[in-house]
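Structure, as structure tokens:
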Amino acid sequence: MKGVSITYGDYDVTAKDKATFTAETPAFFCNVDYLKDYSGLETSYGDPLDYVTVFLDSKTEPFPDNPLSHNIGFFSSEKVGKNGLGVKSTITVTFNSEVKSRGITMTFDTASNGLPILLRVALYQGETSVFVKTIARKNIKSNPVAFEFDESTSYDKASFIVTGWDIPLARQHIQSIDFGIGYVFTPEMLRDVKVIQEISPISAELPANAVDFKMFADGNYNFSARQPVSVHFNGELINTGLIKSFTRRSKNEWSVKTEDYISALDNGSFLGGLYSDVLASEVLTKIFTQMSIPYEITSDFAEAKISGYIPISTCREAVRQICFAIGAVASTAGESGVKIYKLPTAETTVGLDRIMTGQSVSEDDPVTQVSVSAHEYSPIEDEEKLFEGNAGENILVTFSSPMHSLTITNGTILTSGVNYAILNAENNCTLNGKKYADNVITYVKKVPDAVGENELEITNATLVNMENAESILTRVYDYAILNKKVDMRVRIGSKPVTYGNAKYGFAKYGGRIADSAVNVGDIINSDTEYQGAIKGRIISTRYNLNGGIIVKDCEVLS
């Protein structure tokens, strides 16, 4: 779709946490429990035993060696016949408590565009049927297939019966089942679509992205807080976030603010712990899974390990601590979730013809010295009273610093970590624990020939240890000495394809060529109006998506 479009999903975000998926006839190589995965299908796989659905155009990939440990969706155990019939699959979803949504969305094989000959969906509340609909292939107009209810409906069980398949001699393939329904808002419906995207090159903080927009349309759109919103421009994903707030200003006008998944990490607490040579990806996976947030960790950090301490904090702060320690950046820009990745080193040249007038250049006071504190935790015998109280069950006790060798009187410790204990207490219950000593060594790097005193100190990064301190110090130093910031407006559009030369002139050849992309995190080389050539990394972009050309307000660190 040309121009800006926004996809909004009205889903029960608790449904998959409450769900148990069962199937009567799954293929032996698929695990239907993955249908509750919030990260969605990992990639597009063809049927490993069926040539028909394995394409040669890179849409599908060979099956992994152990497909049961990967999210490949649901495949039927048998193939349909030459007439597309002969197979009926039933998937049942039970919930441990009621869920509520405006619809159901089923996504079938997006690589082959295969669809069922007949599809039946039924929802139940107890033994009572609250929604039943059967739809034939000729009436299925698109994939995903959406069933919209007249109003929000509560249910605690769902049944899906898939009959036949419109690709002969192939297996039925369901990629996902979602408990809600989505809408696509098109360019003519949207106004004032504002985007903010930022990164911190060393993860000294974890900036969040946001998209705000106004919508003018007929119909009754029921926006709900914390529902997913995906923003596209000319078919490319710009950002994915969640509804933060919305106002209906008139019968046909809505004003909507969104926040991204990084902001959503503030809504949960992480209990932290002491770590020794633990894969960073394991801890990150635990955090994102706890928050039901989709994520990707690039291969650059597949083997990265952490050692040290994470205190009780928001999940956002815990992710930041890990990213700082391993040299990663977290962002949702251009992604369907949070991406943990390494900043690119490739450079993009931006000509002066793409730079709008009104640049500004500023310089902060130069840093004269950088220091990073490394932490080493060792158990000591100093004891501290952590809790004193009367009878209660499942009492969560949190500690302000790591503790070990917990002891309890008049109570039972149910589970514990270095930062917390959950206990059942009787009257006059006390909980004691012993402390860890935080042995700190400070690593310092001075800026040569620096004048004055302007030190950048990193003291609270508790995953910095004696082994990684030097490399982290170098990374922070390389960032700290960049004290020039250039604000420039960069045009991203297209220009006519021309031929000829400067001596005899140029002529239009026909067609247009797109400008190279300029995104947050990129390194650019550019001319300026009065500062000559600059090279730096884009740390912030702000822009409006209405119209055919994007002009990004970029902040470049140089």
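Scope of the values below: all heavy atoms of this structure, side chains included, with no hydrogens, waters or symmetry mates.
- The side-chain heavy atoms of K257 and T247, taken from C-beta on, include no pair separated by under 4.5 Å.
- For T153 (side chain) and E151 (main-chain N/O), a donor-acceptor pair under 3.5 Å exists by modelled atom type.
- At a threshold of 4.0 Å, the pair K18-D156 does not count as salt-bridged, since none of the basic side-chain nitrogens sits closer than that to a carboxylate oxygen.
- Between F223 and W254, the ring planes are perpendicular. Angles over 60° get that label, and only those under 30° would be called parallel.
- Side chain to side chain, N544 and D192 meet the donor-acceptor criterion of an N or O pair below 3.5 Å.
- A donor-acceptor pair under 3.5 Å links the side-chain atoms of T258 to the main chain of V211, judged by distance alone.
- A distance-only check finds no donor-acceptor pair linking the side chain of D522 to the backbone of P344 [under 3.5 Å].
- The neighbour count for K552 NZ, taken as heavy atoms of other residues, nucleotides or ligands under 6.0 Å away, is above 12.
- In this structure a side-chain-to-backbone donor-acceptor pair under 3.5 Å is missing from R542 to I196.
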- side chain to side chain donor-acceptor pair (under 3.5 Å) between T289 and Y295, intermediate numbers included: CA-CA 9 Å; T289 302; Y295 66 98; 4.6 Å; no
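- Residues A217 and M189 approach most closely at CB-CE, 3.4 Å, considering heavy atoms.
- A distance of 9.0 Å separates OG of S154 from CG of D12, quoted to the nearest 0.5 Å.
- Considering all non-hydrogen atoms of both residues, T541 and C554 come closest at CG2-SG, 3.9 Å.
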Begin with the C-alpha distance, continue with both residues' side-chain angles, and end with the deciding distance and a verdict on salt bridge (Lys or Arg N to Asp or Glu O under 4.0 Å) for R226 and E259. CA-CA 9 Å; R226 310 208 52 74; E259 60 183 4; 3.1 Å; yes
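- Atom CD1 in I306 sits 4.5 Å away from atom CD1 in I322 (nearest 0.5 Å).
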For K16 and D178: C-alpha separation, side-chain torsions, deciding distance, then whether salt bridge (Lys or Arg N to Asp or Glu O under 4.0 Å) applies.
CA-CA 8 Å; K16 290 193 175 183; D178 294 296; 3.0 Å; yes
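- The residue from I6, V256, T7 that alone fulfils the side chain to side chain contact (heavy atoms under 4.5 Å, CB included) condition with F185 is I6.
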* To do: Could you check V319 against F288 for side chain to side chain contact (heavy atoms under 4.5 Å, CB included), going step by step and ending with a plain yes or no?
  => CA-CA 9 Å; V319 171; F288 289 121; 4.1 Å; yes
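- In terms of modelled atom types and a separation under 3.5 Å, the side chain of Q290 and the main chain of S269 share a donor-acceptor contact.
- With values rounded to the nearest 0.5 angstrom, F213 atom CZ is found 8.5 Å from S255 atom OG.
- R320 places no side-chain N or O within donor-acceptor distance of the main-chain N or O of C323, the cut-off being under 3.5 Å.
- To the nearest 0.5 Å, atom NZ of residue K100 and atom CD of residue Q125 are 10.0 Å apart.
- Between R316 and D266 a salt bridge is recorded (basic side-chain N to carboxylate O distance below 4.0 Å).
- Annotation for E78: atom CD does not count as buried by contact number, only 12 or fewer foreign heavy atoms lying within 6.0 Å.
- Between the side chain of N209 and the main chain of D260, no donor-acceptor pair closer than 3.5 Å is present.
- No close placement of the F74 and F21 rings is indicated, their centers lying 6.0 Å or farther apart.
- Residues L396 and Y420 have side chains in contact (heavy-atom distance under 4.5 Å, counting atoms from C-beta outward).
- The CG atom of L242 sits 12.0 Å away from the OG atom of S224 when rounded to the nearest 0.5 Å.
- Here the shortest heavy-atom pairing between N234 and G3 reads OD1-N, 2.7 Å.
- Q172 and S89 get closest at one heavy-atom pair: OE1-OG, 2.5 Å.
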I'd like to know whether T240 forms a side chain to side chain contact (heavy atoms under 4.5 Å, CB included) with T332, so could you lay out the CA-CA distance, the side-chain angles of the two residues, the decisive distance to 0.1 Å, and finally the verdict. CA-CA 7 Å; T240 301; T332 59; over 6 Å; no
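- Looking at T94 and T20, their side chains come closer than 4.5 Å, going by heavy atoms from C-beta outward.
- Between G114 and D166, the shortest heavy-atom contact is CA-OD1, 3.4 Å.
- A 4.5 Å side-chain heavy-atom check between I538 and V490 finds every atom pair outside the cut-off.
- Using cut-offs of 30° and 60° on the angle between ring planes, the pair F131 and F147 is perpendicular.
- Side-chain contact between F149 and I181: absent, with no pair of heavy atoms (C-beta onward) separated by less than 4.5 Å.
- For CD of E188, the number of neighbouring non-hydrogen atoms (other residues, nucleotides, ligands) closer than 6.0 Å is greater than 12.
- Panel note: side chain Q197, backbone I238; a donor-acceptor pair is recorded below 3.5 Å.
- Legend: side chain to side chain donor-acceptor pair (under 3.5 Å) pairs involving residues 337-346, not counting sequence neighbours: none detected.
- A donor-acceptor contact closer than 3.5 angstrom links the side chains of S101 and Y155.
- Taking every heavy atom of both residues into account, I340 and A330 meet most closely at CD1-CB, 3.6 Å.
- Separation of atoms OH (Y261) and CG (N267) is listed at 12.5 Å; rounding is to 0.5 Å.
- Using a 4.5 Å heavy-atom cutoff, the side chains of F108 and L119 are in contact.
- Looking only at distances, no side-chain donor or acceptor of N96 sits under 3.5 Å from a matching main-chain atom of A19.
- Side-chain N or O atoms of S540 include none that pairs as donor or acceptor with a backbone N or O of E198 at under 3.5 Å.
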For side chain to side chain contact (heavy atoms under 4.5 Å, CB included), just list the numbers for S307 and Y275, CA-CA rounded to whole Å, side-chain angles, deciding distance to a tenth of an Å, and then say yes or no.
CA-CA 5 Å; S307 293; Y275 303 92; 5.8 Å; no
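- Between I91 and V32 there is no side-chain heavy-atom pair separated by less than 4.5 Å.
- Within the 4.5 Å cutoff, the side chain of I104 has heavy atoms near those of the L123 side chain.
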### Intermediate values then yes/no, side chain to side chain contact (heavy atoms under 4.5 Å, CB included), I199 and L343
CA-CA 10 Å; I199 55 111; L343 283 174; 4.1 Å; yes
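- R102 and E148 are joined by a salt bridge, as a carboxylate oxygen and a charged side-chain nitrogen come within less than 4.0 angstrom of each other.
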